[in-house]
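Take a look at the structure below.
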Amino acid sequence: MLPSVVIFITFFICLSVSNDLPSYLPRCYLDDPQRDECVLRAFNKVRPSVGNGIEEIGLPPLNPFVIPQVTILQDTPNANFTVKALNYTIAGLDNYDMKEFQYNPETRAFRFRMEYETIPMSAAIEISGHIAGVPLNGKGFGRAVF
């Protein structure tokens with residue numbers, strides 16, 4: 001879910017500073033007293049467009065969102081291993097409902113609540129190393145639904 005959060009926040013920062021956006025993209029401004037409500041409405045208004053991406057602002061397609069490789073390294077005496085997830089695929093990131101949004105321009109902090117029905121994930125997995133002296137070595141395919 002983190003990729004969608006970063007992408008969406010980047011998306012709305014672009015909306016607040018650019019005048020050269022397509023007319024179908026909502027505009028919210030930092031000095032608007034109803035800014036948080038505007039952003040909340042905007043997130044939900046653009047939902048049909050985010051699945052295929054929005055090229056004008058550099059938003060990649062979110063359904064599916066594919067990360068070519070994710071690598072997790074653990075290097076301690078009792079656990080030394082590497083896990084690679086290849087073609088890590090996340091579906092359903094465009095099936096959200098933004099419930100709350102708050103932004104504090106003084107601290108540049110934002111808080112939001114976004115709900116999803118399901119988020120299926122899959123990847124080819126490779127692992128090598130050891131845990132507590134037990135060797136690990138293998139390949140497979142992993143799936144999860146959150």
Side chain to side chain contact (heavy atoms under 4.5 Å, CB included) involving Glu115 - partner list, sequence neighbours excluded:
Lys99, Arg113
Hey, does Glu117 have a side-chain heavy atom less than 4.5 Å from the side chain of Asp97?
no
Identify, with sequence neighbours excluded, every residue that meets side chain to side chain donor-acceptor pair (under 3.5 Å) alongside Arg41.
none
Which pair of heavy atoms, one from Gly51 and one from Asp94, lies closest together, and at what distance?
CA-OD2, 3.5 Å
Rounded distance [0.5 Å steps], CG in Asp36 versus CD in Glu100
10.5 Å
Pairs in or reaching into residues 80-91: which pass side-chain hydrogen bond (donor to acceptor under 3.5 Å, both in side chains), with residues at least two apart or in two chains?
Asp75-Asn80
Taking all non-hydrogen atoms of both residues into account, name the closest pair between Leu25 and Arg27 and its distance.
O-NH1, 2.8 Å
I need the Cys28 SG to Tyr103 OH distance, nearest 0.5 Å.
13.0 Å
Using modelled atom types and a 3.5 Å cut-off, is there a donor and acceptor pairing between side-chain atoms of Asn95 and backbone atoms of Thr118?
no
Any side-chain to backbone donor/acceptor pair from Arg35 onto Leu30? Under 3.5 Å, distance only.
yes
Does Ile131 sit in a hydrophobic cluster with other residues, and if so which ones, taking ILVMFWY side chains as linked at heavy-atom separations under 4.5 Å, directly or through other members?
Ile72, Phe81, Val83, Ile125, Ile127, Leu136
Where does the angle between the aromatic ring planes of Tyr96 and Phe43 fall among parallel (under 30°), tilted (30 to 60°) and perpendicular (over 60°)?
perpendicular
With the 4.5 Å side-chain cut-off for hydrophobic clustering, are Tyr116 and Val66 part of the same group?
no
Solution key, residues 137-146 side-chain donor-acceptor pairs under 3.5 Å, sequence neighbours excluded:
none

Nearest atoms (heavy-atom pairs only) where Gln69 meets Leu86:
OE1-CD2, 3.5 Å
Does anything in residues 125-135 form a side-chain hydrogen bond (donor to acceptor under 3.5 Å, both in side chains)? List the pairs, not counting sequence neighbours.
none
